[in-house]
Amino acid sequence: MLEIILKLVAVAAAFAVLPLIVGQVEHKAMAHMQGRLGPMYAGGFHGWAQLIADGVKFAQKEDVIPRAADRRVFKLAPAVALVPYLLVLLVIPVGPDGQVALDLGIGVFFALAVMGVGVIGAIMAGWASANKYSLLGGMRVAAQLMSYELPMVFAASSVAMAAGTLSLSGIVEEWRWWWLPWQAVGAVVFFVAGLAELRRPPFDMPIADSEIIFGPYTEYGGLRFALFILAEYAGIVVLCALTTVLFLGGWKGPFLDAELGWLWTLLKVFALSFVVIWLRVSYPRLREDQLQKLAWAWLVPLSLAQLALTGVLRVALA
């Protein structure tokens with residue numbers, strides 16, 4: 001019982017801290033890459049207090065609910081968007097020898113299914129706001145989810161087939177260095193599809209503030225809005241952690257896997273998180289038709305090709 005409690009506390013602590021670190025890194029990386037001066041001043045040295053200032057700003061804002069909104073769904077949506085990512089962290093192994101809160105035999109499909117639930121929070125927000133701009137944003141979220149869930153599942157299935165197990169811990173244990181070129185296409189497809197599900201640039205059409213206000217979050221303010229932003233950063237952590245476990249060997253590093261496995265996992269997660277931020281800074285937003293074409297004309301065929309290649313090699317090597 002004590003071991004279970006300690007694991008749950010560790011997961012809760014990681015869920016509370018890691019998204020905030022990613023948010024702080026995004027402030028600084030974007031400030032350097034785009035010459036933004038604002039985030040470099042709060043608190044003095046290198047703008048260390050920018051994240052605290054943002055939190056105080058959100059806490060001070062008035063919590064307003066539109067008169068025509070569905071109040072229950074409107075209030076519930078931020079929690080539905082945030083909590084699923086906490087559940088996914090329960091099944092992600094950070095190191096060998098049971099360093100995971102819950103080692104499920106179907107960990108891959110559990111993680112992908114629960115991540116899909118998180119997207120429903122944005123759809124609920126758009127529907128409940130009684131605002132046509134919010135509803136349009138929610139519809140775009142739904143269309144994006146349907147398009148990018150398929151290649152994401154195919155890419156993850158390819159790794160599960162190669163490892164012969166659906167357990168995330170089992171996949172890391174079976175992983176070998178030569179999987180990097182073998183599963184490279186699947187890794188790119190999985191990562192890109194994950195970014196699209198999180199609605200991160202250049203896949204942020206549902207919340208494109210220059211086109212449809214702020215998508216499904218238009219009517220939100222204060223701490224409820226902050227929860228949606230926190231859910232985005234939590235989603236980045238979860239996506240990078242899953243990519244690390246499935247395609248980059250998880251806790252396996254160049255040396256001392258057993259002793260430093262958790263460190264290798266964190267280094268890979270933060271490296272991928274930086275790539276997510278880099279893509280946001282570097283690429284313009286896709287149009288809606290371009291976003292859908294990328295999914296159906298490129299990612300789905302590539303993920304199917306990766307799945308077929310894995311099946312052929314598994315039979316040949318058996």
Side-chain angles (χ1 to χ4, degrees), residues 1-19 21-22 79-121 145 148-149 152-175 179 183 186-187 190-191 193-195 197-198 230-252 257-258 261-270 272-273 276:
M1 181 62 69
L2 179 60
E3 181 182 358
I4 294 175
I5 293 175
L6 289 177
K7 285 183 176 181
L8 292 178
V9 170
V11 170
F15 185 73
V17 174
L18 293 181
I21 294 176
V22 173
V80 174
L82 180 62
V83 171
Y85 296 118
L86 173 61
L87 298 179
V88 176
L89 286 181
L90 292 174
V91 299
I92 294 179
V94 296
D97 303 323
Q99 294 183 39
V100 57
L102 183 63
D103 189 6
L104 287 181
I106 56 170
V108 172
F109 288 151
F110 174 84
L112 295 178
V114 174
M115 280 186 69
V117 173
V119 179
I120 295 176
L145 169 65
Y148 284 88
E149 187 75 13
M152 197 173 184
V153 171
F154 284 158
S157 300
S158 173
V159 179
M161 182 188 298
T165 177
L166 293 175
S167 167
L168 292 174
S169 298
I171 289 174
V172 178
E173 290 170 357
E174 293 294 328
W175 187 89
W179 285 24
Q183 300 292 334
F190 184 87
F191 193 68
L195 288 180
E197 281 208 4
L198 294 176
L230 181 61
E232 179 179 330
Y233 290 126
I236 293 173
V237 172
V238 167
L239 171 64
C240 295
L242 283 175
T243 305
T244 295
V245 169
L246 293 174
F247 299 98
L248 301 180
W251 64 74
K252 293 184 177 180
D257 293 348
W262 61 272
L263 181 59
W264 298 128
T265 301
L266 287 179
L267 287 176
K268 294 174 185 178
V269 168
F270 283 123
L272 289 174
S273 298
V276 173

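FYI, the numbering just counts along the sequence from 1. The model shown is predicted, which means the values in this text are computed figures rather than measured ones. Note: hydrogens, waters and symmetry copies are ignored here, and every other heavy atom, side chains too, is used.
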From D257 atom CG to E173 atom CD, the distance as rounded to the nearest 0.5 Å: 11.5 Å
T165 side chain to E174 side chain, donor-acceptor N/O pair below 3.5 angstrom: no
Y233/S273 under side chain to side chain contact (heavy atoms under 4.5 Å, CB included): CA gap, chis, key distance, verdict: CA-CA 9 Å; Y233 290 126; S273 298; over 6 Å; no
Within 6.0 angstrom of L263 CG, more than 12 heavy atoms from elsewhere: yes
Donor-acceptor pair, side chain of T265 and main chain of V94, under 3.5 angstrom: yes
Interatomic distance, M115 atom CE to L145 atom CG [nearest 0.5 angstrom]: 10.5 Å
Separation between OG1 of T244 and CZ of F191, rounded to the nearest 0.5 Å: 9.0 Å
Qualifying residue for side-chain contact (heavy atoms from CB on, under 4.5 Å) with Y85, from V114, L198, V237: L198
Interatomic spacing from NZ in K252 to CH2 in W264 - rounded to 0.5 Å: 14.5 Å
Residue of the set L112, V159, V153 for which side-chain contact (heavy atoms from CB on, under 4.5 Å) holds with F190: L112
Listed once per pair and sorted, the salt bridge (charged side-chain N to carboxylate O under 4.0 Å, His left out) pairs that draw on residues 95-117, sequence neighbours left out: none
Side chain to side chain contact (heavy atoms under 4.5 Å, CB included) between L82 and L86, worked out: CA-CA 7 Å; L82 180 62; L86 173 61; over 6 Å; no
S167/L104 under side chain to side chain contact (heavy atoms under 4.5 Å, CB included): CA gap, chis, key distance, verdict: CA-CA 6 Å; S167 167; L104 287 181; over 6 Å; no
side-chain hydrogen bond (donor to acceptor under 3.5 Å, both in side chains) partners for E232, two or more places apart: R200
